[in-house]
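Just so you know, these numbers come straight off a predicted model, no measurement behind them. For the numbers below, each heavy atom of this structure counts, side chains included, while hydrogens, waters and symmetry mates do not.
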Amino acid sequence: MADTVDIGTATGAVGAPPSPRPGDHPAGPGVLKPSYSDRLANEDLAPLRKQTWSSYNIFAFWMSDVHSVGGYLTAGTLFSLGIASWQVLISLLVGITIVMVFCNLVAKPSQITSVPYPVINRAIFGVLGANLPAIVRGLIAVAWYGVQTYLASQSLIIIFLKFIPGSAALNSPELAFLGLPPLGYIAYAILWVAQAAVFWRGMEAIRRFIDWAGPAVYVVMVIMAVYLVAKAGLGNLDLSLGSRPMGVGAQLATMLVGVAIVVSYFSGPMLNFGDFSRYGRDFRTVRRGNLLGLPLNFLFFSLLTVITAAATVPVFKELVTDPIETVQRIGTPFAVLLGGLTFVTATVGINIVANFISPAFDFSNVSPKKISWRMGGMIAAVGSVLLTPWNWYSSNTGILFSLGILGALIGPLFGILIAGYFLVSKQRVWVDDLYTLDPKGRYWFRNGTNPNAILAVVLAGVPSIAMTLIAGIVDGGRHHIGEFSWFLGCGLGFVFFTLLERRRPMIGRLEEDRVSATDGTVLPSGVVPTLPHASGDSQG
């Protein structure tokens with residue numbers, strides 16, 4: 001199998017510049033053709049010259065996405081639903097396997113065309129209509145970028161308070177401005193700058209960061225688990241974390257809730273996973289990385305999480321599921337420093353891969369001529385501060401009516417993309433047409449927008465949003481029905497878009513000029529393609 005797929009050579013572009021050193025360009029570099037409109041293309045959004053990521057790089061991406069405070073709490077939540085440990089493990093495996101399958105689906109079109117998530121959506125939504133899914137995903141990422149940075153700053157504050165006692169005076173609520181004391185601003189600013197610095201150095205620097213961040217978190221988590229288990233004693237561990245008697249029907253229903261929680265947690269990065277799969281050497285490489293990074297990695301991480309959480313009961317006389325609080329309660333200077341820095345690193349890792357890269361591409365897609373990949377990311381970073389996430393994060397109502405509504409659209413957008421690529425387009429993409437405003441282009445549709453895709457978003461989004469609001473307002477989260485809004489939206493989006501395309505087709509001309517299409521059904525794995533931008537796998 002070829003180590004590198006050289007897209008630039010395959011295109012036969014005359015006078016194409018040599019590939020720069022890693023990190024010289026933030027997200028590529030891409031191959032720009034004279035026919036590409038500057039309203040649709042820049043070097044960040046154009047097809048990649050080289051696809052170099054290995055399975056380990058994809059595996060490390062998922063480690064960074066899983067190994068966070070949010071991932072820790074999610075795994076711990078499943079073990080406190082009241083079902084037996086073996087049922088929790090089944091729920092985890094089923095849920096994460098669903099995530100893996102869907103990630104493989106959304107990865108394929110971007111990997112074989114080497115274009116990011118907002119660009120591949122042009123084949124479904126139209127060259128201008130693709131801004132809708134891009135903006136929705138970008139806004140969600142901006143909000144959560146702020147939240148994750150705030151959560152990581154709390155770990156940093158613990159370190160300040162432990163090693164610089166005088167800093168406690170800066171942490172007084174009486175000195176708070178816009179809801180945050182001076183020490184909170186200092187910690188937030190340090191992390192904001194650190195994340196921006198890694199991002200600014202480019203995709204190669206991000207790859208190197210996530211390559212070591214995930215394993216480093218594992219090392220510290222193992223140390224913390226061993227320490228707590230040794231202090232608690234093996235005989236005092238109860239891995240059920242509060243299981244209680246319930247009927248078979250209730251057990252199955254609770255297991256389904258567990259599956260839905262896992263899928264919902266990963267729904268954001270799952271939607272724009274194409275932003276990362278585009279760098280994979282081939283589709284087989286991406287699938288192998290997903291297998292290692294999702295079912296295998298998540299299961300081990302979950303077991304480590306529940307062992308650690310279970311050990312907190314005999315050690316602290318109560319269940320502690322927040323890893324930051326666990327480190328704080330251990331209290332020794334070494335534990336606070338090592339644990340605090342580790343969870344800072346973990347949160348920075350997930351923030352960069354899940355909430356920085358997406359808006360960078362998404363906002364650049366809106367105006368490629370004016371907004372580069374770097375600028376798109378910095379817009380997201382600045383926007384995250386202006387939202388003052390420390391204020392609305394504690395407001396369930398605020399989250400429900402902002403991120404709840406936007407997040408309810410993730411399912412429909414996912415279902416429409418999958419239906420459009422695999423079912424309607426039959427895995428055929430004409431890459432050059434993704435970058436032209438010519439009304440004769442395949443993806444111009446109607447004034448640059450596919451009305452079927454927009455209508456499908458509305459038809460699928462309304463029920464999904466309604467379920468989310470009902471779960472938050474009426475049900476109050478008691479029965480977790482909101483966790484199933486992703487499945488509802490995804491299924492409806494898939495069905496509605498397929499039916500609309502059959503009734504009044506907008507995506508067509510699939511047999512015309514097939515020789516220049518990137519076809520995901522015919523390329524054998526491991527073979528460097530000779531057609532433009534085509535590098536795929538026959539399986540999937």
Side-chain angles (χ1 to χ4, degrees), residues 64-65 67-74 140-200 206 209-210 213-214 216-217 220-221 224 320-331 333 335-357 359 377-395 398-399 403:
S64 291
D65 204 44
H67 302 175
S68 66
V69 175
Y72 190 105
L73 293 173
T74 299
I140 294 172
V142 170
W144 282 115
Y145 176 80
V147 169
Q148 292 282 9
T149 302
Y150 168 66
L151 291 176
S153 71
Q154 300 309 294
S155 296
L156 203 55
I157 287 175
I158 292 174
I159 296 176
F160 274 116
L161 295 176
K162 185 69 177 180
F163 293 93
I164 311 177
S167 63
L170 297 175
N171 203 40
S172 172
E174 297 177 356
L175 299 177
F177 174 70
L178 295 179
L180 198 64
L183 186 60
Y185 279 107
I186 292 172
Y188 192 97
I190 291 173
L191 287 170
W192 191 95
V193 171
Q195 292 173 114
V198 174
F199 171 81
W200 193 260
I206 293 172
F209 177 82
I210 64 178
V217 174
V220 175
M221 283 196 65
M224 187 166 69
V320 180
T321 58
D322 186 337
I324 296 176
E325 184 180 350
T326 300
V327 168
Q328 191 173 18
R329 289 200 181 194
I330 292 175
V336 171
L337 180 63
L338 184 62
L341 291 178
T342 297
F343 286 110
V344 164
T345 301
T347 306
V348 167
I350 187 177
N351 223 9
I352 289 177
V353 301
N355 300 318
F356 217 147
I357 303 301
M378 295 315 295
I379 290 173
V382 173
S384 71
V385 179
L386 297 178
L387 288 174
T388 62
W390 47 86
N391 284 323
W392 61 264
Y393 176 64
S394 59
S395 170
I399 292 179
L403 286 183

Side chain to side chain contact (heavy atoms under 4.5 Å, CB included) evaluation trace for Val142 with Leu387: CA-CA 9 Å; Val142 170; Leu387 288 174; 4.1 Å; yes
Output, in order, the C-alpha distance, side-chain angles, deciding distance and verdict of side chain to side chain contact (heavy atoms under 4.5 Å, CB included) for Val193 and Tyr188. CA-CA 9 Å; Val193 171; Tyr188 192 97; over 6 Å; no
Does a side-chain heavy-atom distance below 4.5 Å link Ile352 with Ile210? no
Say whether, by atom type as modelled, one donor and one acceptor occur between the side chain of Ser384 and the main chain of Tyr145 under 3.5 angstrom. no
Out of curiosity, Glu325 CD to Ser155 OG, how far, rounded to the nearest 0.5 Å? 12.0 Å
With heavy-atom distances below 4.5 Å as the criterion, would you say the side chains of Met224 and Val327 are in contact? yes
State the OG1-CD1 distance between Thr149 and Ile190, to the nearest 0.5 angstrom. 13.0 Å
Leu183 side chain near Leu161 side chain, heavy-atom distance below 4.5 Å: yes
Does any N or O in the side chain of Trp144 come within less than 3.5 Å of the main-chain N or O of Asn355, such that one atom is a donor and the other an acceptor? no
Given side chain to side chain contact (heavy atoms under 4.5 Å, CB included), test Asn391 with Thr388 step by step and report yes or no. CA-CA 6 Å; Asn391 284 323; Thr388 62; 3.3 Å; yes
Once rounded to the nearest 0.5 Å, what's the spacing between atom CD1 of Ile330 and atom CG of Leu338? 10.0 Å
State, to 0.1 Å, how close Ala213 and Thr345 come at their nearest heavy-atom pair, and which atoms those are. CB-CG2, 3.9 Å
For the residue pair Trp200 and Phe356, is the inter-centroid distance of their aromatic rings smaller than 6.0 Å? no
Would you name the heavy atoms of Val217 and Thr342 that are closest together and state the gap between them? CA-CG2, 3.8 Å
Distance-minimising heavy-atom pair for Leu170 and Pro182: O-CD, 3.1 Å
Shortest non-hydrogen pair, Val147 vs Pro389, comes out as N-CB, 3.7 Å
Please state whether the rings of Trp390 and Tyr185 are parallel, tilted or perpendicular, taking 30° and 60° as the class boundaries. perpendicular
So how far is it from Ile186 CD1 to Phe160 CZ, rounded to the nearest 0.5 Å? 6.5 Å
What is the minimum heavy-atom distance between Ala381 and Trp192, and which atoms define it? O-NE1, 2.9 Å
Going by atom types alone, do Asn351 and Gln195 pair a side-chain donor with an acceptor below 3.5 Å? yes
In terms of heavy-atom contacts, Pro181 and Ser172 come closest through CB-O, 3.6 Å
Between Leu151 and Gln148, does the side chain to side chain contact (heavy atoms under 4.5 Å, CB included) criterion hold? Intermediate values first, please. CA-CA 5 Å; Leu151 291 176; Gln148 292 282 9; 4.2 Å; yes
So, taking the atom named CD1 in Ile206 and the one named CD1 in Ile357, what distance separates them when rounded to the nearest 0.5 Å? 3.5 Å
